[in-house]
Amino acid sequence: MNGIGGSILRKGQITKEHIIRESAALFNTKGYTGASLSKIIERCGVRKGGIYNHFETKDEIALAAFDYSVSQMLQFHSQALEGVTNSKDKLLAICGVYIDMMENNTLEGGCPLLNTAVESDDAHPLLKERAQHAMTNLLNELTQVLVQGVEQKEFRADIALEEVSSNIIAIIEGGVMLSKLYEDSKYIRYAVQHITRFMDDRILIQ
């Protein structure tokens, strides 16, 4: 479609993307409960009717916002991994994304997986499901790096892939949580130092 109709569609898509982008930052900082519809409207600078032109419920906005935040985080992963071939360095590059989140606020509010996993419960089953799916993808990403390390004879062949990948995520997210709580990035740096020592001592082929 072109002409006036095409312009309206493009404007509508731009508005929808704007709502998602701004809502993502709001949900990631205030949480589902704290991100009221009035705050969404204020943050987006869009009238209530403009919101409902694109979304029927707050839940729809929350899901779209979460997906957007996760896509941003994965984009940071991809950027960090560009040109990195060594498996240990790949894992540390991914860890560096979380240090960057804490020190440079590259993703407003920090890790969306941690934030959503902590808040989502039986009251928000769809958000919990999205968080589980995103976390599974992240665990798979780390597992693939570990497998590559084994195949390239960087890592020991007998490592427990699921255990190691889940431990790395738990340590990273724990560091993120402490850094947010105390507003001090030293905790995520401590976490990454621990992961580095773990790789050197337990899984790296010397």
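- Take Phe66 and apply the ring-ring contact (aromatic ring centres under 6.0 Å, His included) test, not counting sequence neighbours, and it matches no residue.
- Applying the side chain to side chain contact (heavy atoms under 4.5 Å, CB included) test to Leu204 and every residue at least two apart in sequence or in another chain returns Lys88, Phe155, Asp200, Gln206.
- Around atom CD of Glu129, no more than 12 heavy atoms belonging to other residues, nucleotides or ligands sit under 6.0 Å away.
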Inset, instruction - Could you give me the CA-CA distance, side-chain angles and deciding distance for Lys180 and Asn115, then say whether side chain to side chain contact (heavy atoms under 4.5 Å, CB included) is met? - result: CA-CA 11 Å; Lys180 285 190 66 177; Asn115 296 337; 3.0 Å; yes

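- Between the OH atom of Tyr190 and the CG atom of Leu178 there is a distance of 11.0 Å, given to the nearest 0.5 Å.
- Applying the side chain to side chain contact (heavy atoms under 4.5 Å, CB included) criterion to Gln144, with sequence neighbours excluded, gives no partner residue.
- Atom CD1 of Ile41 and atom OH of Tyr52 lie 7.5 Å apart (nearest 0.5 Å).
- With sequence neighbours left out, Arg47 forms a side chain to side chain contact (heavy atoms under 4.5 Å, CB included) with no residue at all.
- Distance check: Lys58 NZ to Leu63 CG gives 12.0 Å after rounding to the nearest 0.5 Å.
- In this structure, CD1 on Ile99 lies 9.0 Å from CG on Leu92, to the nearest 0.5 angstrom.
- For the pair Lys16 and Phe55, the cation sits on the ring face: its NZ or CZ lies under 6.0 Å from the ring centre, inside 45° of the axis.
- Here the CG-CG distance, from Asn140 to Leu161, works out to 11.0 Å after rounding to the nearest 0.5 Å.
- Residues Leu127 and Ala62 come closest through the heavy atom pair CD2-O, 4.2 Å.
- For Val145 against Lys90, the heavy-atom pair with the smallest separation is CG1-CB, 3.9 Å.
- Under a hydrophobic clustering in which Ile, Leu, Val, Met, Phe, Trp and Tyr are joined whenever their side-chain heavy atoms come within less than 4.5 Å, directly or via other members, Leu114 and Ile171 fall into the same cluster.
- Residues in residues 80-103 take part in these ring pair (Phe, Tyr, Trp, His ring centres under 6.0 Å) pairs, two or more places apart or across chains: His77-Tyr98.
- Other residues, nucleotides and ligands place more than 12 heavy atoms under 6.0 Å from the CD atom of Glu60.
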Inset, instruction - Quick one: do Leu146 and Val150 satisfy side chain to side chain contact (heavy atoms under 4.5 Å, CB included)? Show the steps, please. - result: CA-CA 6 Å; Leu146 292 170; Val150 172; 5.7 Å; no

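- Environment of NZ in Lys30: sparse, with no more than 12 heavy atoms of neighbouring residues, nucleotides or ligands closer than 6.0 Å.
- Side chains of Ile40 and Val46 form no contact here, defined as non-hydrogen atoms less than 4.5 Å apart.
- For Glu22, the side-chain hydrogen bond (donor to acceptor under 3.5 Å, both in side chains) partners two or more places apart in sequence, or in a different chain, are Arg43.
- The distance from the CG atom of Leu37 to the SG atom of Cys44 is 9.5 Å, given to the nearest 0.5 Å.
- A heavy-atom distance below 4.5 Å is not found between the side chains of Leu113 and Ile169.
- More than 12 heavy atoms of other residues, nucleotides or ligands sit less than 6.0 Å from atom CD of Gln79.
- With a 4.5 Å cut-off on side-chain heavy atoms, Phe76 and Asp100 do not count as touching.
- Judged as a side-chain hydrogen bond (donor to acceptor under 3.5 Å, both in side chains), and not counting sequence neighbours, the contacts of Asp158 are Arg156.
- Contact between Val176 and Cys111 at its shortest, heavy atoms only, is CG1-CB, 4.4 Å.
- Contacts of Glu17 classified as side-chain hydrogen bond (donor to acceptor under 3.5 Å, both in side chains), with partners at least two apart in sequence or in another chain: Gln13.
- Applying the salt bridge (charged side-chain N to carboxylate O under 4.0 Å, His left out) test to every pair with at least one member in residues 160-178, sequence neighbours left out, gives no pairs at all.
- The two residues Gly109 and Thr29 have their closest heavy-atom pair at CA-CG2, 3.5 Å.
- Counting heavy atoms from C-beta on, the side chains of Leu142 and Ile94 come closer than 4.5 Å.
- In this structure the side chain of Leu91 reaches within 4.5 angstrom of the side chain of Ile168, judged on heavy atoms.
- The minimum heavy-atom distance between Thr106 and Met101, with the atom names listed, is OG1-CA, 3.4 Å.
- Met177 and Val118 fall within the same hydrophobic cluster, defined by Ile, Leu, Val, Met, Phe, Trp and Tyr side-chain heavy atoms under 4.5 Å apart, directly or through other members.
- Within the structure, salt bridge (charged side-chain N to carboxylate O under 4.0 Å, His left out) pairs that include any residue of residues 133-144 do not occur (at least two apart or interchain).
- Using a 4.5 Å heavy-atom threshold, the side chains of Val70 and Arg130 count as separate.
- Every residue two or more places apart in sequence or in another chain that forms a side-chain hydrogen bond (donor to acceptor under 3.5 Å, both in side chains) with Ser87 is listed here: Gln148, Glu154.
- Counting only residues at least two apart or on different chains, the ring pair (Phe, Tyr, Trp, His ring centres under 6.0 Å) pairs with a member in residues 13-43 are Tyr32-His124.
- Residues Ile61 and Leu126 are members of one and the same hydrophobic cluster, defined by side-chain heavy-atom contacts under 4.5 angstrom among Ile, Leu, Val, Met, Phe, Trp and Tyr.
- Between Glu103 and Arg189, some side-chain heavy-atom pair lies under the 4.5 Å cut-off.
- Listed here is the closest heavy atom pair of Leu107 and Pro112: CD2-CD, 3.5 Å.
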